[in-house]
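What follows is a short report on a single structure.
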Amino acid sequence: MPATDTAWIVLGRSGDDVVAVDLDGTGAEIERLSIPRSEIVAWIRDRERAAPVRWVWHDTPVWYDAVLDAGATVERAHDLRLAHAILRDAAAVRDDAGLRTATAWDAAAAAAAVDDALFDLDAPEASVPEGVDEALAEFARQRAALAASERGGALRLLIAAESAGALLAAELRAAGLPWDADVHDGILREMLGERGGALPARIEERAAEVRRILGDPLASLDSQPKLLRALHRAGLLVETTSRWELRRHDHPVVEPLIDYKRLMRLYSANGWAWLAEWVRDGRFRPVYVPAGVVTGRWASSGGGALQIPRQLRAAVRADPSWRLIVADVAQLEPRILAAMAGDLALARAAAGRDLYEGIVAQGTLGSRAEAKVALLGAMYGATSGDGGRLVPRLRRAFPRAMALVDDAARVGEDGGVVSTLLGRTSPAPSGAWSRLQADATDVDASDSDASRARRYARDRGRFTRNFVVQGTAAEWALAWLADLRGRLARLPEVGEADAAPRSGPAFARRPHVAFFLHDEIIVHTPSVHAEAAADAVREAAASAGRLLFGDFPIDFPLDLKIASSAEKS
DNA sequence: CGGCGCGGCGCG
DNA sequence: AAAGCGCGCCGCGCCG
């Protein structure tokens, strides 16, 4: 009978078996069990069912995918690899515990290595250690580092949220995003025309039109250098072939060429080949990579999960007798900035639904469009254009918020590191960057050395300026997801008649998150629970705001709809 | 032939 | 051709 005071169970391999070590809240070992690998999934399921604990493992998908396949879920985890990456870089961690010298834990995602190893035998990627003794040692180092840190509380929160995100990323893949291949096919046919020749009919037509106008029946439209030369021969003296530059010219080839590029992009990135490769049994199952971005945002690998064009949103369709909750946060990053900086004036502008209109209402800027480019310019470090021109107005109106991003930029330019609200820290500058800066101060440095160094310094300043905001926004989003996961899991299951079996056994009968993209989520839910699920989405957003910012007066209003399709209205 | 950098463009 | 952050994927064209 397991001890009731188990706080964590550390899992790891030992020979052919798995060893599970119960630890109490102080980290002391309570008991140790050896379990054959063939029984580990059932064992995890039974332990979780008896009393949820926090599962400590080297890499979430390696352990959790099999649990999900078996129809079970777990509530909480501690992902050693993700936690290591946070603590290794954290400015608030002193390395008394030897965390930074445990370099085996710096390896790339083990799950990716598992996938690749099947096909790529000569290049097995390094993976983090799987053994139980290594897991116990790393977990001890991490707890010691947290205990010694003055920001241990915030970092614990961040690691818990990051680990919950890792659970969710695995769950998103297991559940899949409901995707109607017929709707997708219909959109492709309508936009691209019938498939027949080498390219769909509409693309062929547009290409022919471009070549006719250029007077060049063999012009290559897909090779940038060749297209550029063809445009020059036809008298269109552009420097690039980008849509942005083309649009500024008044030439008959511009409209059909831009249209050709638009259609070709849809065809090559999300056409029938994508559909055949990525949509199976009515589900799109992308690979999410939690913390794949240095700021803590998620990345994706394969399927372009984070780049699905809005044109295809209509293909995201709920199963029969199910609904989608589609929700995104209005102006997440400026709200995050206001709250982090404790800027009451910006918070006041954010009090309505539309922060940009709030800035206009305060008289700071003249139009919503101006307010938007100015604020984006402040967060991205614009120096010219409308953004750069308008940022000084914001500095006068919102000095605290602007000081926060300006300070972050200055620290970055000087080669320092910056941290998010919960303590995720930006990477240190590369050796090459530091050498460049050092060389530029030499007495014999040339003007061009100096100006190049300044340019690189500014580049890094824009990165750290944005890091604090983007990274803290990612923390808010993780908190939102983690809280929502818990709330949805407590909603009742539906009967067999209303199940959505393609979602996989763990999710076929209850509301679950089906998509996540920085500040937006889609929940797939039985219709009978749609209102309750929508409430959970809203309550989780409010809860995330309180968790990060306490009672600071900022809210995170959602654009939320309950519908059969994810199409933007 | 595969690997890689680049231009271009989709997303936030 | 972005100005102004963070990504992934495509096709091309060069390289070894």
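Numbered from 1 within each chain, the chains take letters A, B, ... in sequence-line order.
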Under 4.0 Å: is that the gap between some side-chain N or O of [X] and OP1 or OP2 of [N]?
{"X": "A:Arg265", "N": "B:dC9", "result": "no"}
{"X": "A:Arg243", "N": "B:dG10", "result": "yes"}
{"X": "A:Lys261", "N": "B:dG7", "result": "no"}

Atom C1', compared across C:dA3 and B:dG5: separation rounded to whole Å: 24 Å

For C:dG8, the Watson-Crick or wobble counterpart (both distances under 3.5 Å):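 C:dG8 is paired with B:dC9.
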
With heavy atoms under 4.0 Å as the rule, sort [X] into base, sugar-phosphate or nothing.
{"X": "A:Leu376", "result": "nothing"}
{"X": "A:Ile308", "result": "sugar-phosphate"}
{"X": "A:Gly302", "result": "sugar-phosphate"}
{"X": "A:Ser220", "result": "nothing"}
{"X": "A:Ser242", "result": "sugar-phosphate"}
{"X": "A:Gly387", "result": "nothing"}
{"X": "A:Gly303", "result": "sugar-phosphate"}

Side chain A:Gln470 and base C:dG6 donor-acceptor under 3.5 Å: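 Counting by modelled atom types and ignoring angles, no donor-acceptor contact under 3.5 Å is found here.
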
Give a yes or no on whether a donor-acceptor pair under 3.5 Å exists between the nucleobase atoms of B:dG10, that is its base, and the side chain of A:Arg310. no

Can you check the [X] [atom1] to [N] [atom2] distance for me, whole Å?
{"X": "A:Arg229", "N": "C:dG13", "atom1": "CZ", "atom2": "C1'", "value": "11 Å"}
{"X": "A:Trp274", "N": "C:dG8", "atom1": "CH2", "atom2": "P", "value": "17 Å"}
{"X": "A:Arg462", "N": "C:dC7", "atom1": "CZ", "atom2": "P", "value": "14 Å"}
{"X": "A:Trp476", "N": "B:dG12", "atom1": "CH2", "atom2": "P", "value": "16 Å"}

With rounding to the nearest 0.5 angstrom, report the CG to CG distance, A:Asp483 to A:Leu547.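 Going from CG on A:Asp483 over to CG on A:Leu547, the span is 8.0 Å.
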
A:Thr425 and A:Ser419 side chains, donor-acceptor separation under 3.5 Å: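 Judged by distance alone, the side chains do pair up.
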
Using the side-chain heavy atoms of A:Ser300, tell me which of these nucleotides is nearest: B:dC11, C:dG8, C:dG13.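 The answer is C:dG8, which lies nearest to the side chain.
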
Which of the following nucleotides, B:dG8, C:dA2, C:dC12, is nearest to the side chain of A:Thr240? B:dG8

Would you say A:Arg317's side chain and A:Pro178's backbone share a donor-acceptor pair under 3.5 angstrom?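 It does not hold such a pair.
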
What pair of heavy atoms forms the shortest contact from A:Ile308 to A:Leu312, and how long is it? CG2-CB, 4.4 Å

For A:Phe463 and A:Glu245, take the nucleotide of DNA chain C holding the closest heavy atom to each; which residue's nucleotide lies nearer the 5' end? A:Glu245

When you match A:Pro225 and A:Gly385 each to their closest nucleotide on DNA chain C, which lands nearer the 5' end? A:Gly385

Can a salt bridge be assigned to the pair A:Asp459 and A:Arg455 using a cut-off of 4.0 Å between side-chain N and carboxylate O?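 No.
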
When the aromatic ring centroids of A:Trp179 and A:Phe515 are compared, is their separation below 6.0 Å? no

